[in-house]
Number of protein chains: 2
Amino acid sequence: MNLKQRAAVFKALGHPARLAMVERLGRGECCVCELLEGTDYRKLSAPTVSQHLLVLKSAGVITEEEKRGKKIYYRLRMPCVSAISLCVKEREEALGAVGL
Amino acid sequence: MNLKQRAAVFKALGHPARLAMVERLGRGECCVCELLEGTDYRKLSAPTVSQHLLVLKSAGVITEEEKRGKKIYYRLRMPCVSAISLCVKEREEALGAVGL
DNA sequence: TGCTTTATTCGTTATTTAGCGAAATAAATG
DNA sequence: CATTTATTTCGCTAAATAACGAATAAAGCA
């Protein structure tokens, strides 16, 4: 995996809505409608969520698992990103001095 | 560290030039002039590199270490991002099927 | 002091991204 | 088959980002 591809993964994670989706999927696969509800970041429209999913899929972070009934299920394709997100989350103290 | 702040960290890493800089800084502090040379991604102008450093600094990823002579030294402020980048790098197989 | 090096700030332009309403697709259900 | 539900695609606009040349600042050197 080259530099550009790696950067694309981080870029995909670099939006609150997408990061929330990834963290949700880290707790197990779910359908789009659940992701549409679940974001505590803010309420986004279905088209917007759909587009964010495409970004994550293109970067290889998630994958379309299967279609059950009317619902389409996604799951995390790079399990390590869950650990990554946790790692960053815990670095709280490292950011205090920047005013973040 | 909240969702938005975490996303900002990933966003900062989400550019080939910035990721290369972070990976370089992961091997030890260095000055701007070294970062200006070192990117195998592509040759960028000094103003552009300077702006990328600002992005990384604002997200709390790096910090301005000190000024020695004419040179300004930066270092990694969130050491875990080095490990993160390696983790993503190794997930190569996970991306084959997406055409990445 | 004047010149060179190192790095940043400013101003501008081109490109990308985010978001959404409207429309389209697909599956289940009455 | 018409309707509802779940999701995506399309077309558009507003905002953010990337990049760079010119100008600026600060430090060391001749």
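Note that the structure is predicted; figures quoted are calculated from it, not measured. Chain naming here is simple, since letters A, B, ... match the order of the sequence lines and numbering starts at 1 in each.
Remark: C1' of C/dA7 and CD of B/E65 are 17 Å apart, rounded to the nearest angstrom. For the pair B/L54 CG and C/dT9 C1', the computed distance is 10 Å after rounding to whole Å. Regarding B/K11, its NZ atom lies at a distance of 16 Å from the P atom of C/dT16, rounded to whole Å. Per the geometry, CD1 belonging to A/I62 stands 13 Å off C1' belonging to D/dT7, to the nearest Å. B/L53 places its CG atom 16 Å from the C1' atom of D/dT17, with the value rounded to the nearest Å. In this structure, B/M21 places its CE atom 13 Å from C1' of C/dA7, rounding to the nearest Å. Atom NZ in A/K71 sits about 9 Å away from atom C1' in D/dA6, given to the nearest Å. Atom C1' of nucleotide C/dT25 and atom CD1 of A/I72 are separated by 10 Å, given to the nearest angstrom.
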statement: In 5'-to-3' order, the base (B), backbone-only (S) or no-contact (-) status of each nucleotide in nucleotides 24-30 of chain D, using a 4.0 angstrom heavy-atom cut-off, is --SBS--
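Between B/Y74 and B/L25 the shortest heavy-atom distance is O-CD2, 3.3 Å.
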query: Hey, mind stepping through B/K57 and B/L54 against side chain to side chain contact (heavy atoms under 4.5 Å, CB included) and telling me if it holds?
result: CA-CA 5 Å; B/K57 200 163 62 173; B/L54 182 63; 4.3 Å; yes
task: Let me see the working for B/M21 and B/I62 under side chain to side chain contact (heavy atoms under 4.5 Å, CB included), right down to the final yes or no.
output: CA-CA 10 Å; B/M21 288 175 192; B/I62 64 170; over 6 Å; no
- request: Might you work through the salt bridge (charged side-chain N to carboxylate O under 4.0 Å, His left out) test for A/R75 and A/E64, ending with a clear yes or no?
  value: CA-CA 7 Å; A/R75 70 176 167 76; A/E64 213 177 302; over 6 Å; no
query: Does the pair A/L35 and A/H52 meet the rule for a side chain to side chain contact (heavy atoms under 4.5 Å, CB included), with working shown?
result: CA-CA 11 Å; A/L35 293 170; A/H52 282 313; over 6 Å; no
Can you check nucleotides 20-23 of chain C for protein contacts, nitrogen or oxygen pairs under 3.5 Å, and list what you find?
from   : atom 1 : to    : atom 2 : distance (Å)
C/dC20 : OP2    : A/S45 : N      : 3.2
C/dC20 : OP2    : A/S45 : OG     : 3.3
C/dC20 : OP2    : A/T48 : OG1    : 3.0

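Between the side chain of B/E37 and the main chain of B/E34, no donor-acceptor pair closer than 3.5 Å is present. Within the 3.5 Å criterion, the main-chain N or O of B/A46 finds no donor-acceptor partner in the side chain of B/S50. Side chain of B/Q5 to backbone of B/N2: a donor-acceptor contact under 3.5 angstrom is found.
Using a 4.5 Å cut-off between side-chain heavy atoms of Ile, Leu, Val, Met, Phe, Trp and Tyr, with links allowed through other members, B/M78 and A/F10 fall into the same hydrophobic cluster.
An OP1 or OP2 oxygen of C/dT17 is reached within less than 4.0 angstrom by no side-chain nitrogen or oxygen of A/H52.
B/Y74 comes within contact range of the sugar-phosphate backbone alone, with a heavy-atom separation under 4.0 Å but no base atom that close.
Helix-axis bend for the helix from C/dT1-D/dA30 to C/dG30-D/dC1: the local axis fitted to the five terminal pairs at one end deviates from that at the other end by 10°, rounded to 10°.
Annotation: the span from A/R6 atom CZ to A/K11 atom NZ amounts to 16.0 Å, rounded to 0.5 Å.
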